[in-house]
Structures are given as C-alpha cells and as structure tokens.
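Positions are given from 1 along the sequence. Scope of the values below: all heavy atoms of this structure, side chains included, with no hydrogens, waters or symmetry mates.
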Amino acid sequence: MQEPLLGAEGPDYDTFPEKSSPSPGERTRVGAPQNKRVFLATFAAVLGNFSFGYALVYTSPVIPALELSLDPDLRLTKTQASWFGSVFTLGAAAGGLSAMVLNDLLGRKLSIMFSAVPSAAGYALMAGAHGFWMLLLGRTMTGFAGGLTAACIPVYVSEIAPPGVRGALGATPQLMAVFGSLSLYALGLLLPWRWLAVAGEGPVLVMTLLLSFMPNSPRFLLSRGRDAEALRALAWLRGADTDIRWEFSQIQDNVQRQSTRVSWAEARSPHVYRPIVIALLMRFLQQLTGITPILVYLQPIFESTAVLLPPKDDAAIVGAVRLFSVLIAALTMDLAGRKVLLFVSGYAMGWGPITWLLMSEILPLQARGVASGLCVLVSWLTAFALTKSFLLVVNAFGLQVPFFFFAAICLVNLLFTGCCVPETKGRSLEQIESFFRTGRRSFLH
C-alpha cells in the first residue's frame, strides 16, 4: 500500500516557497478555529443537506402508502413506484449539471440559496398532489435542489473552514443528510404522506434565512476581484483577534495564479486531471455500493424480509445507526485521517462522508465549480441507473443478487483507496493543490 501522499512535512509541500513559512504560533492561529462564526456559517449551509437527506428517502414510507391508496389517480403500480423512487436521482443529476455553471457564476452561497426555490416548489407539489405527474414533478424538483446543494455545499464548507477542523466540518454535510433521513423516518411513524411533504418546507426556509446573513467564500470573492470583501469575509469567519494575514496571502496568491478558467489544454495537465479523475471515480464507486436504492426503498426492502419489527421501525433504526456512525466519523476524521476510515469503516463512517469531503479538498480551484458539478452529475446518473433497475432486478432474481453485486463493489473500493486516494488530513487547500502540481508521486500509476 502506498504511504499517505500528503503525510510528510517538507519543502515540497510548501505552497509558496518564495515567502517565509509562518511560525508555529501563526500556524496555530490559522489552523484552529478561534471564532465560532465558522460553525454558524457551516450550519446554515448544511441545512441544505438536511433537506436533501429528507427528500432522498421520502419515498421509503410513501411508496407503501400509495400502493394501497384508495385514490386510483395516486395508487402506484410496481413500475410507477420504481419511477417515483428513481426520478429524484435524475433531478439530482440535472442539479449537478447546473452547478457546473452556477457554482462559479453566482458563487457557492447564492447557489445554495437558489436551491430553495425548486425545493420548496417540489414539496408543495407533492403535498397537494392529485395525480401521478405531480408526484413525479415534485420529486424531480426536490432532486434538482438536492443535486445543486450536493455540489455547492461541500465546496463552500471546505473553503471557509480552517485546516485544523476541515475534516470535522467537511463531514457535517453527510451528517446533516443522514439526520434529515432519520427525521423523515421518525416523522413517517406519525404523519401521513402529504404532511411529510409539508414538513420538508421548514428546513428550506430556515436555511435561506440564515444564509442571507453569512459571508460568501473568501476564495470565490478573490476570484472575482472583490479583495476587500474577501478580507472582511475571512476576518468575520476567523474572528477579530486572529491574525489572518498569512492565510489571506496564501489564498490570494493561489487565486492570482489561477485567475482564468481552466482551458482544454490545461485540463490535460496531470495536476488538473488527476484530482478530477480521482474525485469522479470516488463518486462513481460510492454510488455503486448501492446506498441510494437501499435508502430509497428501505421500508419495502424490510417488508420483503422476515424481520421481527415493523418495517417503519426498522427504517428508523437504520437511520439512527447511520447518524451515530457519521457523528463518529466527524469526530475522528481529523485525528485518524481520511484513508484509515475509508479502509476500516462502513459506508456511513467512510465512503459516505469522506468522499464528499475529499472531492471538495482535492479539486483544483481553477476548475472546482465545474468539476464538483461534474462529479455530482456522474454520481446521480449512476444512482438513477441503480435505483430504476433495483426493484426490477429484485422482482426477477431476488433480493440477494443486487446485494452480492454491492458487496463485490466494496472490495473494489478497498483496492481503489489503497492505490489512488490521497491523505489530506491537516493540509490547507493550497498545500493539497501544490502537491498535485509538484507531481512528487503519481496518484494513478
């Protein structure tokens, strides 16, 4: 197994060698959070992930209810159920595609806020649905919002977080998505399906309200020539008593070196395409583990097995275990490292939160907006193929066939982690990008 690719100190990892390195005290000031506002900004953003997780598993309790509906316009057949479950991922793919433009056009924060429009409209359509087409359209719109936030939120969080807590904060999008799913499962025990859609509106409105008071990413502001605003944003995030000069200088120099969008010629450069390829493969392999169809059809899956508890209770228990696992990952990621958790943990502690974090960490700034959208597009097109075919495969061959496939993919993921995934613990985004540029070791031998 390769040693951690970013695990050693040395001059090759100094992003800006022409400048003197900061003293240990200065590194502490920029590496550890001295101001709680960065946590508030992160919380405001990841409320979008809460809504995403809530919307993703909305079908788990709703499909069984609609299959027994007395209204013939809403009663679902098996084929309609598969479309109702999977069309969310098509919307998410479209959201990821739009993020390729909006991430760099509007900025990370405004793109997240924009997602509230299709999200609120989608929930309203499903809450007032009187035909199958309204269910599909509402599901597609919430999927679009989810795909947009999935591309924008990890980038925003990674760009505002200090290196010392970027792992913990980078896990919060997945943590909130899991919490959103658990909330849906819990409310599904109490509320009818229409009121579940109404309840989904709340987090969207709170997110929009809180984000309106948060700063944009300093890196994005610098890339648009708004230096004074970027300095104020960084000062707000780090606190008035924190010396931000060295960190701001690092960010500013890196942005100036990448002041133009990446060209096709530059995209063929190893320091650009290698991190993008790694991120794309992580997103592709993550979806091939089967997590999306399992979550979308969790309650129907339990109904087809000989479990002792009611399927609704089983789904809620799964949600609670996932939340506990992601919480452990968030607390240990900056101590144990990313690769260790990818090797020794399950999906909720490893391939769930860490792949989103690594995507936002390793993508080059010059192509980060477009590349993150491309990763989400690939991820959700893969999820659509799996989710649409899952029920058909189960009906034809049984539940064991797709799960054997998912287990085989997990073995492939172990090999990929050992060969290609870098260790980024404790490194600034500028140091990570500098490592890819130096080419000291190749990721893709």
Side-chain angles (χ1 to χ4, degrees), residues 39-63 65-66 84-85 87-88 91-92 95 108-130 134-154 156-157 169 171-214 295-296 298-299 312 315-316 318-320 322-323 326-327 330:
F39 297 104
L40 177 60
T42 299
F43 174 75
V46 298
L47 281 173
N49 292 102
F50 179 96
S51 183
F52 166 76
Y54 187 98
L56 174 65
V57 302
Y58 176 75
T59 53
S60 179
V62 173
I63 285 178
L66 291 180
F84 186 44
V87 76
F88 178 93
R108 290 59 158 137
K109 188 188 86 166
L110 289 181
S111 296
I112 299 169
M113 295 177 69
F114 175 76
S115 72
V117 176
S119 182
Y123 282 126
L125 278 169
M126 289 188 290
H130 53 73
M134 294 182 71
L135 293 173
L136 286 185
L137 182 57
R139 186 94 171 121
T140 303
M141 295 182 73
T142 54
F144 180 90
L148 182 57
T149 56
C152 300
I153 293 175
Y156 177 75
V157 172
L169 293 183
T172 55
Q174 181 71 12
L175 180 66
M176 289 297 284
V178 172
F179 186 44
S181 297
L182 175 60
S183 299
L184 185 283
Y185 294 140
L187 289 175
L189 300 173
L190 305 172
L191 299 177
W193 65 271
R194 291 187 188 274
W195 282 101
L196 287 177
V198 174
E201 302 275 10
V204 178
L205 298 177
V206 175
M207 176 199 73
T208 306
L209 179 63
L210 288 179
L211 272 180
S212 64
F213 297 100
M214 300 299 115
L295 293 178
V296 168
L298 188 57
Q299 192 169 315
K312 284 187 176 183
V318 170
R322 289 182 65 221
L323 180 63
V326 177
L327 184 59

- prompt: For the residue pair Gly319 and Val178, what are the closest heavy atoms and their distance?
  reply: O-CG1, 3.9 Å

- prompt: From Leu110 CG over to Ser212 OG, what is the distance, rounded to the nearest 0.5 angstrom?
  reply: 10.5 Å

message: Looking at Arg322 and Leu175, would you say the former's side chain and the latter's main chain have a donor-acceptor pair under 3.5 Å?
response: no

- request: Check whether any side-chain N or O of Arg194 sits under 3.5 Å from a backbone N or O of Ala129 as a donor-acceptor pair, and report yes or no.
  value: yes

- request: Can you measure from CD1 (Ile112) to CG (Asn49) and round to the nearest 0.5 angstrom?
  value: 8.0 Å

Euclidean distance, Leu137 CG relative to Met126 CE, rounded to 0.5 Å: 9.5 Å

message: So does Gly53 get a backbone contact from the side chain of Ser181, meaning a donor-acceptor N/O pair under 3.5 Å?
response: yes

message: Using every non-hydrogen atom in the two residues, find where Thr149 and Gly48 come nearest and quote the distance to one decimal.
response: OG1-O, 4.1 Å

field: Any Ser119 side-chain heavy atom under 4.5 Å of Met207 side chain
entry: no

- prompt: Between the main-chain N or O of Gln299 and the side-chain N or O of Ser60, is there a donor-acceptor pair closer than 3.5 Å?
  reply: yes

- request: State whether the number of non-hydrogen atoms from other residues, nucleotides or ligands found under 6.0 Å of Phe84 atom CZ is greater than 12.
  value: yes

field: Polar side-chain atom of Arg139 near backbone of Ala55 as donor-acceptor pair, under 3.5 Å
entry: yes

Minimum heavy-atom distance between Met113 and Thr208, given as atom pair plus value: CE-O, 3.8 Å

- prompt: Any idea how Tyr54 and Tyr123 line up, ring-wise: parallel (<30°), tilted (30 to 60°), or perpendicular (>60°)?
  reply: perpendicular

- prompt: Is there side-chain contact between Val62 and Leu135, with at least one heavy-atom pair below 4.5 Å?
  reply: no

message: Just so I know, are the side chains of Trp193 and Leu66 near enough to count as touching, which here means a heavy-atom distance under 4.5 Å?
response: yes

Side chain proximity check, Phe114 to Cys152, heavy atoms < 4.5 angstrom: no

- prompt: Rounded to the nearest 0.5 Å, what separation is found between the OG atom of Ser111 and the CG atom of Leu148?
  reply: 6.0 Å

field: Minimum heavy-atom distance Val204-Ser51, with the two atoms named
entry: CG2-OG, 3.5 Å

- request: Looking only at non-hydrogen atoms, find the nearest pair between Leu182 and Ala320 and report the distance.
  value: CD1-N, 3.4 Å

- prompt: Out of curiosity, Leu211 CG to Tyr156 OH, how far, rounded to the nearest 0.5 Å?
  reply: 6.5 Å

Interatomic distance, Leu205 atom CG to Leu210 atom CG [nearest 0.5 angstrom]: 11.0 Å

Shortest non-hydrogen contact from Ile153 toward Pro173: CG2-CG, 4.1 Å

field: Flag side-chain contact, heavy atom, 4.5 Å: Leu47 against Phe43
entry: yes

task: May I ask you to test the Leu298-Tyr185 pair for a side-chain heavy-atom distance under 4.5 Å?
output: yes

